[in-house]
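Chain identifiers are assigned alphabetically (A, B, ...) following the order of the sequence lines, protein sequences preceding nucleic acid strands; residue numbering begins at 1 within each chain.
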Amino acid sequence: MARTERKAAEIDATGIGKSFGTFKALTDVTLTIARGEFLTLLGPSGSGKTTFLMVLSGFEPPTTGRLLLDGRDMTDISPEERGFGMVFQGYALFPHLTVEENIAFPLKVQRRGRAEIRRRVAEIIEMVGLGGHGHKRPAGLSGGQQQRVALARALAYEPPVMLFDEPFSALDRNLRSQMQDEMRRIHRETGTTFVFVTHDQEEALTLSSRIAIFEAGCLQQIGSPRDIYERPGNRFVAEFLGDINVLPIRDGKLEGREVTVQGDPDGDLAIRPEYMRIALQAPAEGNAVAARLTDLTYLGGVTRLNLRTAGGAELVLSVPTAELSDGLTPGAEIWATWPGERAFML
Amino acid sequence: MTRRHMLLLGPLLLFLAAAYLIPFLGVMRWSVTLPEPGLHQYRAALTDPLVQSVIWRTLRICTMVTVITVAAAYMLALIWVRSGPVARVLVELCILIPFWISVLTRAFGWLALLSNRGLVNSWLEALGIIDLPLVMVRNEFGVVVGMVHFLIPFAVFPIATAMRNVDERVLMAARSMGASRARIFWQVFVPMTRPGILGAMLLVFVFSLGFFITPAILGGGRSVMVAELIYLRLFQSPNWGLAAAMSVILMAGVGLLIALLLRQLGERTAR
Ligand SMILES: Nc1ncnc2c1ncn2[C@@H]1O[C@H](COP(=O)(O)OP(=O)(O)OP(=O)(O)O)[C@@H](O)[C@H]1O
Ligand SMILES: [Mg+2]
């Protein structure tokens, strides 16, 4: 697949803005999508993810800003000329064509030879696991199979960039995670640049090499899943991506006890549920806060604990079940502890 | 369907039976009993050179009318569904106004336009484009023009419905693959609207088979079609048995067409 790897492209977006009338759907989005990377656009509904994808694809011209493709300005280039592979939420298959014909369509557009088309279609059908379904029409396929056809059709002509708009949102959980695995494999095998829209945080964390968080048309943060999860740039990102505990700090102290604080000694300290543990007695040293256990949910390997501190802050802890002593029941007076380097100020 | 639904549908079914089924059974009876029992009227209908030529002309005119009407309606529907608000309102007027004018008025309107001393010929003569008037009425041309004009609005609706059902994202997907406008239109859009095209064709063809006033006026008695011939056999040179036999043949033909189309549509969705 060396050939496709060469084809992967790099995109530079600078100051992209998009207004619909007076409404600003995107404001000053600047980011670079590296060659062959898997970038996920994540954000709540209406945050402008689809709009940004439409700007990338060329279907929506940006109101402000420039787009570069491998260093060349492509802001005013038509979607046909950009030729990015697109996979839409509703699959957008050609209903009157069979699976094979759907996949062959872009190859015919490119006027490839008959034999080459046949070979390529067979190869790609194999790649997305659709063997034996080549002669069916989309209406005769399950949701997951249609999704694969959409993927195959977009991959078939080896576009320099693949754009996905919530491709899995109609699939059930099992199928979804199966498709996610395949997406990663296909991304690896093709080496193409993938831009993927979702509002499922877990999906974003599993799939991407980097995540771009959008809110209200603004890019909030872009970074590796780990960066974004563990070093969120602001409160919105911290709270959007999974659960987080927020504790008010005054003068370097939390409810009277000294805690490790980097930077400003007044503000909100944030800690992910996975990094907090419990202690039955007050620890002699280290970060801790006294709390009452209000609820306890067994989730198999981990147990979820809900605590309320004396000061009234609600905490969520995700603790390996193996570390918990039996006989812990709601109402118990315990302590929540955490390693200082895992906490950050918002 | 529940019993309640059936009860609600009851009056309608009764009405349909009283208005269509019973009279049709009566016509079928005439066709095998008048003037004496037997199938000889069918034999006559199918062998009589006059009837044959009328059936042949009817099929020819109806086919032409269907093709022209559906092609024109497709373009109109395309503008209606896929263009800006101004064009949309104009098309809506074009589609709706004809519904407010009776068939008779419209046929005479075309007569006024197309006859030897009609508007079109006088203009063309005034402009020096022609010396002798073009003969555009009292022949098949006039009949076709009148019928197409009448039928276009009916064809627009099923086609427009099919066009509205086309998912915009499918067209975007095709564009992103680099397909040209022409390719997207012919290889994606048109096939996706096929059910609407077939429906419109059937509607127009069946409708045009029964046309009566328009051919009578614009054809001027020279381009007699089946419906007019049946009328003539009923009231001008009466032969009710023959008229009934021709009616039954017409009905059978229409039924066959509908069955074929339904099978076509069924096959597409089943696979
Ligand atoms: N063509 C348009 N005209 C007017 N407003 C639009 C248009 N397209 C999008 N918007 C608005 O822009 C905002 C961002 O929309 P967008 O579809 O990009 O959101 P999204 O992040 O994809 O949301 P979701 O997760 O619900 O798909 C929304 O408030 C939407 O109403
Ligand atoms: Mg969206």
A quick test of your reading: do over 12 heavy atoms of other residues, nucleotides or ligands sit less than 6.0 Å from [atom1] of [X]?
| X | atom1 | result |
| --- | --- | --- |
| Lys24(A) | NZ | no |
| Glu126(A) | CD | no |
| His199(A) | NE2 | no |
| Phe15(B) | CZ | no |

- Would you say His96(A)'s side chain and Arg194(B)'s backbone share a donor-acceptor pair under 3.5 angstrom? no
4.5 Å side-chain heavy-atom contact, [X] and [Y]:
| X | Y | value |
| --- | --- | --- |
| Met177(B) | Met86(A) | no |
| Arg169(B) | Gln89(A) | yes |
| Val170(B) | Tyr91(A) | no |

Proximal component of [X], with respect to chain B [non-hydrogen, under 4.5 Å]:
| X | value |
| --- | --- |
| Phe88(A) | side chain |
| Leu93(A) | backbone |
| Lys108(A) | both |

- Message: As an exercise, state the distance from CD1 of Ile184(B) to CZ of Phe94(A), rounded to the nearest 0.5 Å.
- Response: 7.5 Å
- Item | Rounded distance [0.5 Å steps], CZ in Arg175(B) versus CZ in Arg82(A) | 10.5 Å
- Report the option among Ala179(B), Ser176(B), Ser180(B) that has the most heavy-atom pairs separated by less than 4.5 Å from atoms of chain A. Ser176(B)
- Task: Let me know if Arg183(B) has heavy atoms under 4.5 Å from chain A in its side chain, its backbone, both or neither.
- Result: side chain
- Glu168(B) versus chain A, heavy atoms under 4.5 Å apart: side chain, backbone, both or neither? neither
- Message: Quick check: closest heavy atoms across Ala92(A) and Ala173(B), and the distance to 0.1 Å?
- Response: O-CB, 4.1 Å
- Could you walk me through whether Met172(B) and Met54(A) pass side chain to side chain contact (heavy atoms under 4.5 Å, CB included), step by step? CA-CA 10 Å; Met172(B) 283 167 69; Met54(A) 287 297 121; 3.3 Å; yes
